[in-house]
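All heavy atoms count here, side chains included; hydrogens, waters and symmetry mates do not. These numbers come from a predicted model, not from an experiment.
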Amino acid sequence: MTLTDTSPRAASLTSPFAHPRLTVTGPPVEGTDLVLSPEAMDFLTALHERFSGGRHELLLARQRRRERFANGADPGFLPLTAHIRADRTWRVAGPGPGLTDRRVEITGPTDRKMTVNALNSGAKVWLADHEDAMSPTWTNAISGQVNLYDAIRGQVDFTTPEGKEYRVGVTTPTIVFRPRGWHLTEKHVQLTDRAGQSCAASASLFDAGLYLFHNAQALIDAGRGPYLYLPKIEGHLEARLWDDVFRFTETYLGLRHGTIRATVLIETITAAFEMEEILYELRDHCAGLNAGRWDYIFSIIKSFRARGPRFVLPDRGRVTMTVPFMTAYTELLVATCHRRGAQAIGGMSAFIPNRREPEVTARALEQVRADKEREAGQGYDGTWVAHPDLVPVAREVFDTAFGDRTDQRHRLREDVQVTAADLLDIPSAGGAQPGAVTDAGLRQNVSVAVRYLEAWLRGLGAVAIDNLMEDAATAEISRSQVWQWVHQGTTTAEGTVIDAPTVREVLADVLTDVERREGDRFDDAAALFGEVALADDFPTFLTIPAYTRHLVTRG
């Protein structure tokens, strides 16, 4: 959407420029001069000089761990950190100013319209997302930072070319920014190391660095603070690296130690076994943990994809939060958080309302209410929604659960006793049972992934498909299930053997059904899906080849 903006920066488009260690190779886009100021580039350079090496080491450790899992090893609670789990005396810093009440958090990308809608949603927190809900085009990466800059300073109002006005109300949510994960790069910025070798910048350091550099003090002055959601963490050493980044940032920007607060998404199976250690590493900067359910399911599939039929999951719609291994994970998260004084934030139901279809809306409200009642009953201190119309129903559920409190951290859940076997009880989901996988389930996965990828290639990261909110995490489930079904020779309830020719046939059928329009990206999306779902080796993330091939542009 074109913005109406008469500020001086709107007229100035900075050309690609060189820095002693960082070179911006992306094309000039609106706001580049503001976001990539010389001072901001100095800070990004300092972050990369200190932390790029540690990031590369952690990514290599991930690769070695994946190989161990593929060869039959199981994740588990770490013997070397047992003393941290046994020590009942330590606590985390907890929520900072403006973050004590998180009963409803709305999630969404940071384009101008969504920014205004999120700020007007009535939620307590807005998760401003540069990760799974953002297609990482260079324009999105820069304009999102501009929109956050303006939102924090009360200047995000705008008018569309058609004359429609978007204005922010008086009361707005606390912003918690989610940068991209450690595994991702920002290929429009090149880092040259001391040996003269060039590589893409870390997307995590790029996103978080710019947000903190430009906004930390303004947020503090407004009575809130610089708060982040940390995605895709696989263990406590990755949390330690983030803590090192925060300590350095606070010193560089002249902030009091502990000013930055982070909430960590527990969305990988390895992180589930290291929740306490993650809290411990971030204890001076930690507000809590979040149950990132969709990426967690994806992590389960990815980790055990080649371990035989016992680890096959059923149709995506049947992997609910009430299957035993998901219940174990979500209850352990609450108990762990509350034992350490941290907030436990629930995840997002995928159901969304449709204002044109009352029956769809009624079903979505019913599903969301049931989901939030389950979370509140488990002791969660807040939850996510993906649409403003879902804020009231979620708020009502947590208002009832909280009474006159702002959270449920007093509920220690000492009744929760989760073992490694409980977290690894993947067969309890019933994927190996006859009829657990269906022809309809296969087609749904192919259709959803292709339609999502097509929108993602056009710059949209969060997309309503079949009255469900789809993002990169749910698309990952769809394609990874197909990969696993193919490689395990799964047979559907109808007797269809899922192999590569079958998937290609379904893919071709899906393409005949979608509504085509000039300039659409369905052919590219179908090719990408075929690559990431049918490759001999499992691509770790579908967005990595898609980004490199289609979203990287040069100035």
Would you find a donor on one side and an acceptor on the other, under 3.5 Å apart, between the side chain of [X] and the backbone of [Y]?
| X | Y | value |
| --- | --- | --- |
| Y329 | I266 | yes |
| T174 | G98 | yes |
| D111 | M114 | yes |
| Q444 | A440 | no |
| T32 | V29 | yes |
| T159 | G163 | no |

Inset, instruction - Applying salt bridge (charged side-chain N to carboxylate O under 4.0 Å, His left out), run through D407 and R409 and close with a yes or a no. - result: CA-CA 6 Å; D407 58 37; R409 284 184 288 168; 2.8 Å; yes
Between [X] and [Y], what is the ring plane arrangement, given parallel below 30°, perpendicular above 60°, and tilted in between?
| X | Y | result |
| --- | --- | --- |
| F248 | F43 | parallel |
| H183 | F541 | parallel |
| F158 | Y166 | parallel |

Inset, instruction - Could you check E250 against R256 for salt bridge (charged side-chain N to carboxylate O under 4.0 Å, His left out), going step by step and ending with a plain yes or no? - result: CA-CA 6 Å; E250 288 167 342; R256 179 181 54 81; over 6 Å; no
Under 4.0 Å between a Lys/Arg side-chain N and an Asp/Glu carboxylate O for [X] and [Y]?
| X | Y | result |
| --- | --- | --- |
| D371 | R369 | no |
| D132 | K232 | yes |
| E470 | R316 | yes |
| R180 | E131 | no |

Legend entry - Test side chain to side chain contact (heavy atoms under 4.5 Å, CB included) applied to L230 and L265, step by step: CA-CA 6 Å; L230 304 181; L265 290 119; 5.8 Å; no
Which heavy atom of [X] sits nearest a heavy atom of [Y], and at what distance?
| X | Y | value |
| --- | --- | --- |
| A287 | R261 | CB-CB, 4.5 Å |
| Y380 | A291 | OH-CB, 3.7 Å |
| D101 | V125 | O-CG2, 4.5 Å |
| A394 | V104 | C-CG2, 3.8 Å |
| P109 | W126 | O-CZ2, 3.6 Å |
| H285 | D243 | ND1-OD1, 2.7 Å |

Quiz question: by atom type and distance under 3.5 Å, do the side chains of [X] and [Y] form a donor-acceptor pair?
| X | Y | answer |
| --- | --- | --- |
| N120 | R167 | no |
| R102 | T263 | yes |
| R340 | T336 | no |
| E105 | Y229 | yes |
| T139 | T137 | no |
| T383 | K372 | yes |

Less than 4.5 Å apart, side chain to side chain, heavy atoms only: is that true for [X] and [Y]?
| X | Y | result |
| --- | --- | --- |
| H387 | P353 | yes |
| L119 | P173 | yes |
| H188 | T553 | yes |
| D284 | H257 | yes |
| W138 | P27 | yes |
| I152 | Y211 | yes |
| L255 | I220 | yes |
| H550 | L528 | yes |

Inset, instruction - Determine, step by step, whether L468 and I352 satisfy the side chain to side chain contact (heavy atoms under 4.5 Å, CB included) criterion, reporting the C-alpha distance in whole Å, the side-chain angles of both residues, the deciding distance to 0.1 Å, and the verdict. - result: CA-CA 6 Å; L468 298 175; I352 55 174; 5.7 Å; no
Inset, instruction - Flag this pair as yes if the NZ/CZ of R224 is under 6.0 angstrom from the six-membered ring centre of Y227 and inside a 45 degree cone about the axis; otherwise no. - result: no
Inset, instruction - Kindly indicate whether a cation-pi arrangement holds for R293 with Y296, taking the cut-offs as under 6.0 Å to the six-membered ring centre and within 45° of the axis. - result: no
Legend entry - Qualifying residue, where the test is side-chain contact (heavy atoms from CB on, under 4.5 Å) with M321 and the options are E375, Q378, R374: R374
To the nearest 0.5 angstrom, please state how far the [atom1] atom of [X] sits from the [atom2] atom of [Y].
| X | Y | atom1 | atom2 | result |
| --- | --- | --- | --- | --- |
| E373 | T400 | CD | OG1 | 8.5 Å |
| R112 | S143 | CZ | OG | 9.5 Å |
| H130 | S204 | NE2 | OG | 13.0 Å |
| D221 | R153 | CG | CZ | 9.5 Å |
| Q145 | D150 | CD | CG | 11.5 Å |
| F325 | L423 | CZ | CG | 10.0 Å |

Inset, instruction - Going by the side-chain hydrogen bond (donor to acceptor under 3.5 Å, both in side chains) test, name the single residue among Q343, H338, R411 that passes it with D381. - result: H338
Legend entry - Criterion ring-ring contact (aromatic ring centres under 6.0 Å, His included) on H236 and Y280, from CA distance to verdict: CA-CA 8 Å; H236 71 286; Y280 182 80; 9.2 Å; no
Inset, instruction - Would you check, one step at a time, whether the test ring-ring contact (aromatic ring centres under 6.0 Å, His included) holds for W294 with F298? - result: CA-CA 6 Å; W294 304 118; F298 166 50; over 10 Å; no
Inset, instruction - Please report the C-alpha distance between S202 and E186 in whole Å, then the side-chain angles of each, then the deciding distance to 0.1 Å, and finally whether the side chain to side chain contact (heavy atoms under 4.5 Å, CB included) criterion is met. - result: CA-CA 6 Å; S202 160; E186 177 48 73; over 6 Å; no
Inset, instruction - Might you confirm whether atom CZ of R517 has over 12 heavy atoms from other residues, nucleotides or ligands at distances under 6.0 Å? - result: yes
Inset, instruction - Check the surroundings of atom CD in Q367: do more than 12 heavy atoms from other residues, nucleotides or ligands lie under 6.0 Å from it? - result: yes
Inset, instruction - Begin with the C-alpha distance, continue with both residues' side-chain angles, and end with the deciding distance and a verdict on side chain to side chain contact (heavy atoms under 4.5 Å, CB included) for L551 and S135. - result: CA-CA 9 Å; L551 298 191; S135 171; 3.5 Å; yes
Legend entry - Intermediate values then yes/no, salt bridge (charged side-chain N to carboxylate O under 4.0 Å, His left out), R458 and E454: CA-CA 7 Å; R458 289 187 290 107; E454 192 276 333; 2.7 Å; yes
